[in-house]
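One structure is given here, and the rest of the page talks about it.
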Amino acid sequence: MKKIFPIALISLLVAVAVFGAGCTSSTSGSTLQLAGSTSVQPDAQALAQAYMANNSGVTVNVAGGGTAAGITAVGTGTAQIGTASANLTASEMAQYPNLRPYPICVDGIAIIVNPQNTAVTNLTLTQVMNIYTGNITNWNQVGGSNVKINVVNREQGSGTRDGIQKIVLKGGNFSTGGITQSSTGAVKSYVAGDPNSIGYIATNALDTSVKAININNVAPTYANLADGTYVIERYLLYVTNGPPTGLAASFLNYTLSSAGQAILKAQGEVSLNDVPGYVPPTTTTTTTTATTTTTATTT
Amino acid sequence: MARTRYIRKLKELRQDVTEMGAITLRSVEDVLTALETSDAALAQRVIVNDDAINKFDRKIEAQCMSLLALEQPMAKDLRIIATSLKMITDLERIGDFTADIAEEVVTMGKPIRIPVSASKFNELVADVKSMVADSIETYAQGNVQLARSFEARDDRIDYLYKDVVQNMVNALAQGKCSTETVADVASLLFIIRYLERIADHAVNIGNRVCYMEEGARRYLK
Amino acid sequence: MSGEIEISVKNLNLWFGNFQALKNVNIDIPKNAVTALIGPSGCGKSTFIKTLDRMNDLVDNVKFTGEVIYKGRNILNSDTDVVALRKEIGMVFQKPNPFPKSIFDNVAYGPRVHGIRDKKALNEIVERSLKGAAIWDEVKDRLNESALRLSGGQQQRLCIARLLAVEPDVLLMDEPASALDPIATSKIEDLIYELKKEYTIIIVTHNMQQAARVSSHTAFFFLGELVEYASTIDLFERPREKKTEDYVTGKFG
Amino acid sequence: MVVTFNRAVRTLRRSGTRDAGERFIQLILLVCAVSSIFAIFLIIVFVFSQGVPFLAEAGLGFLTTSVWLPADSFAAGTWGIFPIILGSLIVTLGAVAIGAPLGIACAVFLAEIAPPAVRRLLVPSVSALAGVPSVVYGFFALLVIVPWIRGQFGGFGTSILACWIILSVMILPTIISVSTDAVRAVPREYKEGSLAMGATRWQTIRSVLIPAASSGIMASVILGMGRAIGETMAVLLVAGNSVTIPGSIFAPVSTLTATIALEMGYATGAHQQALFAMGVVLFVFILILTGLANLASRRRVTF
């Protein structure tokens, strides 16, 4: 028997080494890890590139994974900053009580239809709600032709879906009649192919393949998003575990600076500076040095 | 060349049969010399020699059986073995007749007195001797040409045999023989009968060699 | 050669690609007799019998010239219905190859593919065929067992029974006993001896003694040529050709 | 497992007369084998440890009810994955029902009928088909098959039918290559035996070759089924992912794998556990399906 244990042990070590390799993450002092919402990902990526150009020797990694994954990552210390396209949920706050959300810009959600759908250019917020809760099922109920509405939804946990559920459905439940697409791109390409469909995507993802609908006669333009007359909009957030320190604080400050806001604007988001009456929150800590280790572990 | 062991065994068989033929031939020659010279001692040796021939017979039979049982001989190989098997019987019979003649020579114990012309008897003796020698030769060499002459030569031997016998019977009938001579004549009658039989066996051997070489069976008339 | 001729082969040449496997073969196969084909490996004897039921067609790149006259027609003609031909000229292979089905289904396979569905008729055919192949007594109580559980010799006789079930006229046997022990072999040989009363049998064998035992005529193939064809006794006792002599006495090498 | 392990160690120890190199290699191989077993074991333990407590709490209703609103931050979570289980089953079985006959027919063609030139062309093509990433299949289906279904039959286009079509194509390479090997592995003697009795080529294929290759063919179908039930990305794109009991084959559907992939990124707490519980269900599912298929193939050994 005595020979079994060494072999078993070696095998176990090999297994754990192979199996566990993917779980480790780099927390080197000059590396900042971001993870979370796919809506924020392109914005954060652009910011990170500019930031790294200004601060040599610093690496900023931006991972996707979704809002919830970002919250988990920052809560467990895998990432220093989580990105979110929805507010923290009660359960998330209960699990990680030290989380701090920081709005970085305003992001609108456009209701989109196929460009061939020329009959419908405007919907009221109530009409959109009724379409998504299943009370309106035919385009002729909202001034279109007599065909069934093909409702396209995002998946459970999507920040964009969460935004629609809060702003449009006032917290009500989606109908189960539609289909679910797993990303902004998938929604867009579906709607671009189906003349009877309706969907929603972040406004910065709009292009000519789909047609954005006016809500309450307001188009999702930059100005209308900035002044709040286009109502389907939310803040995009950075989330830190406790007050940000070191690199995280530096990157947050950069994001909120006019240079950072300009980059976000170029990405199609609404700069906080353009929001009338918006008062930026003062970050409690200022940058000390760019090389301070800021690993926060709550486990 | 495949089956070297088998081929060697087959070659040995042929050599052994040839050797058996050779000692049989020597017996024939010796006994005829003994007859001519009334050499009882030589005749005695011929009688003893018959045992050697019989031993050879048993040995070669065993060789043939082993080849048949173990080597599945085919075609000419098969015919060589079949021929050898039969031929040793002929040789063994020749050996027996030789011993019989030798016994007659020993019994007579003195030069025989022949009541008829000796020339035909001598011719018969010489013919039989050469037939036996040639039969061994045909086997050893596979000489079919030689073997084909045997029947004609046997006819001549038969003629001589009949002629000599007839003459002797005539002599007996005409009372030309003394009492002593009658016994000699009786012995001589046996002897030439034996010689005639030896010649028949030699013809057999010749026919078997033809079968061995050519595959076609020839039968005695 | 006395008696009726079942198959008459005239000037048969056969190529696999550029390799000529059969060279100008002429042979008359007697009816209701066993004809053995012998010769060293690769001499063309298997190729030859596979020509008789057109099994060579399965090989790519095969082409042939000459005639194989069977029932008055040249079966090498391209319009020959090979499926119908193979029903009349059946083949037994070197390795017993029963299908992994029950004994019954093995024998019933042929009649079934030829359209016999009636259970009673099938029962009769199976019994008759198994009896014909001298294996009925050994398997009659276990017809539903897998054929693969039979011994090698039984499997080979089952394969013969399977063939008999389609009522062929000619049985081609490609070394049918080469994979069997001596007792199983002798049973097959006895069976062949019985079968020749009703069937024309052509058997390829490496075992010359087997050829000698079972056949009335033997053909010796060498390098694609038919060197000698004679009654079995003549071929083995007094072959005409030096090559045959050398082969049957084992002096090749 | 322990018994086998002990035996393996004993075998190693007994082989003392062999040279050290031999034993060293054996040891390395043993470690590799045991390591992979451990790795699988760890994954299973992890998935079960996450999923089973949830299953115990949610009870049977998790499997039998039809409302799936796990991440709803306003109402209490409603956990019912019956439509998802049903979706997985329909999609998998349908894809196999379409793909298996096609694949088997193609395998028979490749193994038995195709001339060498055609075979030389087709075999690499089939292998290439296996190498195409599933997301490419999915995207193709989303852009070509989905609009076609929408145009022909109305509705969303993203539907059970779309899943069937794309999955049946995706499992083809597996079924074809494994079945082709199985058919080619049938002893030549069977084929010759059948042909020599005057059976036609088709009769031979149907009555001898396919039955003789049945266990291999069944294995290919099992592998294909495994791929179909486990396929995530392509299904995600064309299924519609609607958690409802589908009314027709043109209705959108959601599957276990697609749902897990869709929601795992966002899921926390009970929702995450629920997804792991779905993983457990999927795992059990695959075990059952494989077991059934194995049973079926074993029964077909003698035909």
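Just so you know, these numbers use all the heavy atoms, side chains as well, and skip hydrogens, waters and symmetry mates. Residue numbers begin at 1 in each chain, while the letters A, B, ... track the order of the sequences.
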Check the surroundings of atom [atom1] in [X]: do more than 12 heavy atoms from other residues, nucleotides or ligands lie under 6.0 Å from it?
X	atom1	answer
C/K50	NZ	yes
B/L70	CG	yes
C/R213	CZ	yes
B/F190	CZ	no
C/K23	NZ	yes

* Check: C/E237 main-chain N/O paired with B/R79 side-chain donor or acceptor under 3.5 Å ->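 Indeed, once roles are kept as given, a pair shorter than 3.5 Å links the two residues.
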* **Evaluation steps, side chain to side chain contact (heavy atoms under 4.5 Å, CB included), between C/R238 and B/Y211** => CA-CA 9 Å; C/R238 40 182 169 272; B/Y211 164 70; 4.2 Å; yes
* To do: Measure the CE-CD distance between C/M208 and B/Q72 for me, rounded to the nearest 0.5 Å.
  =>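 Reported value, rounded in 0.5 Å steps: 8.5 Å.
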* Greatest number of heavy atom pairs closer than 4.5 Å to chain C - which of B/G215, B/A82, B/A75 ->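 Between B/G215, B/A82, B/A75, the count favours B/A75.
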* To do: Over all heavy atoms of both residues, which pair between B/M74 and C/T249 is shortest? Give the atoms and the distance, please.
  =>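 Nearest pair, atom of B/M74 first, then C/T249: O-CG2, 2.9 Å.
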